[in-house]
Number of protein chains: 2
Amino acid sequence: MSTEENILLAARKVFLQKGFMSARMQEIADEAGINKALLHYYFRTKEKLFEQIFSDAFQLIKQSFTGSLLNSLTFSEFLRAFVHAYLHLLDQMPYLPQFILQELNRDSSRIITLFEQQKVPMSAIKKLIATEVENGEIIAIKPEHLIVNIISLIVFPFVARPIIKTFIFNQNIEDYSRFNEGRGEEIVQFILRAIRIPKNMI
Amino acid sequence: MSTEENILLAARKVFLQKGFMSARMQEIADEAGINKALLHYYFRTKEKLFEQIFSDAFQLIKQSFTGSLLNSLTFSEFLRAFVHAYLHLLDQMPYLPQFILQELNRDSSRIITLFEQQKVPMSAIKKLIATEVENGEIIAIKPEHLIVNIISLIVFPFVARPIIKTFIFNQNIEDYSRFNEGRGEEIVQFILRAIRIPKNMI
DNA sequence: GTCTATATTAGGATAGAC
DNA sequence: GTCTATCCTAATATAGAC
């Protein structure tokens with residue numbers, strides 16, 4: 001593995017856990033098994049190194065959207081694919097959401113650049129939902145609310161992990177990991193129930 | 001207004017927006033219209049000043065739980081009261097959730113202290129849900145999932161505000177604020193639909 | 001390319017006058 | 001209690017040898 005890849009791997013680990021402000025160049029150097037000066041040799045500044053990590057991280061999230069949309073004809077197909085793709089990603093990178101949200105709140109100008117670079121297929125998803133509402137497949141709901149609801153149910157538990165672990169599960173690790181295992185289907189079913197047309201209306 | 005209150009007000013504003021690491025004592029002093037030395041005279045260290053702000057902030061959240069539980073006999077009463085109480089609080093303090101979550105992720109040991117000091121009535125809420133499930137008032141759902149779902153739907157949009165504003169509303173402020181106005185009832189109805197017993201099962 | 005040693009600066013904290 | 005001036009340390013960044 002090249003030194004540059006090595007640094008990027010170490011930087012990703014440290015930045016994701018600590019965020020830009022709390023991350024230390026020294027810690028990244030240690031993690032990569034090199035020294036500080038070499039970090040600067042490869043990436044000049046902390047800011048530039050961070051930039052790389054941040055946009056890579058956001059791209060991973062974007063791929064959950066595009067990938068799930070690709071092979072889905074109906075909304076429920078998309079929903080199931082998306083929930084599981086996203087949860088699979090977060091399983092491997094649990095710090096990802098907090099990292100992204102923290103940095104976007106810290107530097108609000110970054111969101112503009114991000115929006116221009118990373119085209120998330122939001123309007124396609126909106127259209128998919130709107131069509132199913134028109135066809136009477138699902139209840140009348142504004143696509144924006146439904147999209148926000150889906151993402152909230154998936155992502156929030158990762159951002160609030162310490163609180164949930166402590167205040168809801170009293171630090172009981174087993175209960176908590178059981179909760180996580182069932183979470184994907186729970187979300188899918190919860191949403192499907194919330195948007196289905198009541199049977200006795202026919 | 002006393003100098004001490006003045007400082008606390010300024011500190012709250014700066015800490016909530018910036019978080020501990022990005023907050024600057026200088027900025028707090030400016031905001032309070034005094035100088036840095038006086039901050040240290042009143043609160044010795046940045047850490048101690050922060051401590052005060054943080055526990056006050058968490059207490060506000062706790063009160064949304066306890067307050068809503070107080071006068072609710074059924075789950076749907078609690079749900080409606082809680083959603084609106086919490087949203088009312090976040091309307092006034094939109095940075096509150098990101099602040100709390102960021103700090104709990106930064107310093108994981110803090111959660112222990114917090115748990116011992118601030119008794120959130122979680123078991124009472126769990127019991128309320130479990131009872132309604134037993135009585136066949138709502139569908140079979142694990143209380144932990146339902147509680148997490150409720151909080152996710154309320155809180156996440158505030159944490160992800162920049163992303164939602166940009167990627168879902170294309171920076172259109174009017175669309176975004178219309179979304180926020182309808183959000184409370186949307187959440188309540190979404191959850192009630194997801195947990196109701198289907199009519200044709202009777 | 002990689003290291004050691006050093007410069008620079010930002011920012012929290014303190015001393016001491018009033 | 002409030003200020004100005006100063007200290008001190010941590011952390012980013014660079015110079016220069018190998």
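What you see is a predicted model, and the numbers here were worked out from it, not measured in a lab.
In this structure, NZ of B/Lys48 is placed 14 Å from C1' of C/dG12, rounded to the nearest angstrom. Atom CD of B/Gln26 is separated from atom C1' of D/dA5 by 14 Å (rounded to the nearest Å). Residue B/Met21 contributes atom CE, which lies 17 Å from atom P of C/dA10 at whole-angstrom precision. In this structure, A/Lys46 places its NZ atom 15 Å from P of D/dT14, rounding to the nearest Å. D/dT9 atom P lies 18 Å from atom CE of B/Met25, rounded to whole Å. The distance between atom CG of B/Leu49 and atom P of C/dG12, rounded to the nearest whole Å, is 11 Å. Regarding A/Phe20, its CZ atom lies at a distance of 13 Å from the P atom of D/dA11, rounded to whole Å.
When heavy atoms are screened at a 4.0 angstrom cut-off, A/Ala29 is found touching no nucleic acid atom at all.
Between A/Phe82 and A/Phe65, the ring planes are tilted. Angles from 30° to 60° get that label.
In terms of heavy-atom proximity, B/Asp175 sits nearest to B/Arg178 at OD1-NH2, 2.8 Å. Nearest heavy atom pair, residue B/Ile187 against residue B/Leu153, reads CD1-O, 3.4 Å.
Between A/Thr3 and C/dT2 there is a side-chain N or O to OP1 or OP2 distance below 4.0 Å. Close to D/dT12, at under 4.0 Å from its OP1 or OP2, lies a side-chain N or O of A/Arg24. OP1 or OP2 of C/dG12 has not a single side-chain nitrogen or oxygen of B/Thr45 nearer than 4.0 Å.
Near-neighbour residues of DNA chain D inside residues 30-43 of chain A, defined by a heavy atom below 4.0 Å, number-ordered: A/Lys36, A/Ala37, A/His40.
A distance below 6.0 Å separates the ring centres of B/Phe58 and A/Phe167.
Stacking of B/Lys46 on the aromatic ring of B/Phe20 is recorded, both the 6.0 Å distance cut-off and the 45° axial limit being met.
Between A/Ile34 and A/Asn6, every side-chain heavy-atom pair lies at or beyond the 4.5 Å cut-off.
Partners of B/Phe75 under the ring pair (Phe, Tyr, Trp, His ring centres under 6.0 Å) rule, at least two apart in sequence or in another chain, do not exist in this structure.
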